[in-house]
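Taking it in order: structure first as structure tokens, then the write-up.
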Amino acid sequence: MGLFDYFRSPPSKSAALAKERLQIIVAHERGSRRSSPDYLPALKKELLEVVRKYVPIDQSQVKVHLDREGGCEILELNITLPDEEQRLGPQR
Amino acid sequence: MATVIVVTSGKGGVGKTTTSASFATGLAQRGYRTVVIDFDVGLRNLDLIMGCERRVVYDFVNVINSEANLNQALIRDKRVDNLYILPASQTRDKEALTKEGVEKILNELKQSFDYVVCDSPAGIERGALMALYFADEALVVTNPEVSSVRDSDRILGILASRSRRAEQGDPPVKEHLVLARYAPDRAHRGDMLTVEDVLEILGIPLLGVIPESPAVLQSSNAGVPVILEDGSDAGAAYGDLVERFLGKDLPHRFTMSQKKGFLKRLFGGS
């Protein structure tokens with residue numbers, strides 16, 4: 001090999017290509033990952049207030065989660081209601 | 001109070017278990033009481049790399065399920081004082097790791113150890129998430145190769161958003177880059193990402209560069225963490241890494257290509 005290497009064309013610098021591709025894809029993926037909108041805590045608080053008008057729940061029973069898949073955003077709301085008895089209790 | 005360190009990467013086969021074994025061994029050699037936990041439920045391998053596979057009686061999941069206590073499950077290393085291994089279960093599935101169960105055991109270990117090293121499985125599923133959730137610091141193991149670097153960046157995002165520190169608004173998990181399987185000659189020729197390239201893309205501090213080395217396979221054949229192989233380049237690199245982790249300012253070795261003589265260049269050989 002060694003002797004013939006001198007007559008070959010210089011090898012392509014594939015690492016430079018790797019770096020360029022990585023910089024682009026990593027920047028892209030970071031962009032879509034980071035931007036968790038800052039209205040989420042306020043949304044959660046207002047939701048809690050609305051639900052509380054009808055059912056007694058506390059903060060830990062409301063879960064708000066935002067996901068991104070492809071170009072699509074999914075807002076997931078999960079509200080755990082208390083047991084039937086607890087709910088009816090205060091009204092009796 | 002003990003420090004919990006996760007060894008993680010996203011991608012498989014980049015050297016997480018090799019790094020966990022040598023890092024934990026290096027900390028114990030320097031006098032710190034250290035336990036290393038295998039979080040790869042269903043595919044345990046840390047026991048083989050540490051050479052204690054025939055001494056496994058109880059495992060991590062047995063302790064979580066209160067089928068054994070920690071003292072029964074912890075394996076004391078025969079070569080290095082202060083070093084203990086908690087093996088993963090080979091028979092259960094990943095769902096056996098609950099957040100409450102893992103927390104309970106980590107809290108118990110933190111009472112009697114200085115460092116708790118969590119060897120994460122590959123991927124970003126439950127085992128990997130549980131391994132990093134309680135971490136104070138993270139060793140992100142990366143190879144100078146596109147898919148590994150991309151997956152490491154993904155894991156950094158998860159550390160920043162889904163660890164307990166992130167969820168509770170505590171100071172973030174302290175991140176360290178471990179660049180493994182590095183071949184300085186190939187990087188120098190432009191065939192491999194250089195240390196600087198990877199640092200520029202990932203943007204976290206470099207803890208150590210582990211050179212591609214036959215010693216890693218040889219020591220795993222024998223069940224000896226490579227850091228214990230005196231005179232091996234990878235072992236020395238792990239030794240430096242541990243010293244740096246403990247605060248010593250050491251230059252990075254094994255990042256320069258070896259100068260070849262004229263005859264060797266002419267007639268080849270690497």
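Quick note on labels: first sequence line is chain A, next is B, and so on, each numbered from 1. Everything numeric in this text was worked out from a predicted model, so none of it was measured.
Residues A:A18 and B:V146 come closest through the heavy atom pair CB-CG1, 3.6 Å. Between A:K13 and B:R189, the shortest heavy-atom distance links the atoms NZ-O, 3.3 Å.
In this structure, A:E20 places its CD atom where only 12 or fewer heavy-atom neighbours from other residues, nucleotides or ligands lie under 6.0 Å away. No more than 12 heavy-atom neighbours from other residues, nucleotides or ligands sit within 6.0 angstrom of NZ on B:K174. Within 6.0 Å of CZ in B:R165 there are more than 12 heavy atoms belonging to other residues, nucleotides or ligands. More than 12 heavy-atom neighbours from other residues, nucleotides or ligands sit within 6.0 angstrom of CD on B:E95. Crowding of B:R186 atom CZ: a count of heavy atoms from other residues, nucleotides or ligands under 6.0 Å not exceeding 12.
To the nearest 0.5 angstrom, B:L156 atom CG is 7.5 Å from A:R30 atom CZ. Atom CZ of A:R21 sits about 11.0 Å away from atom CD1 of B:I201, to the nearest 0.5 Å.
Looking at B:L193 and A:L22, their side chains come closer than 4.5 Å, going by heavy atoms from C-beta outward. Side-chain contact between A:E29 and B:R150 is present, with at least one heavy-atom pair separated by less than 4.5 Å.
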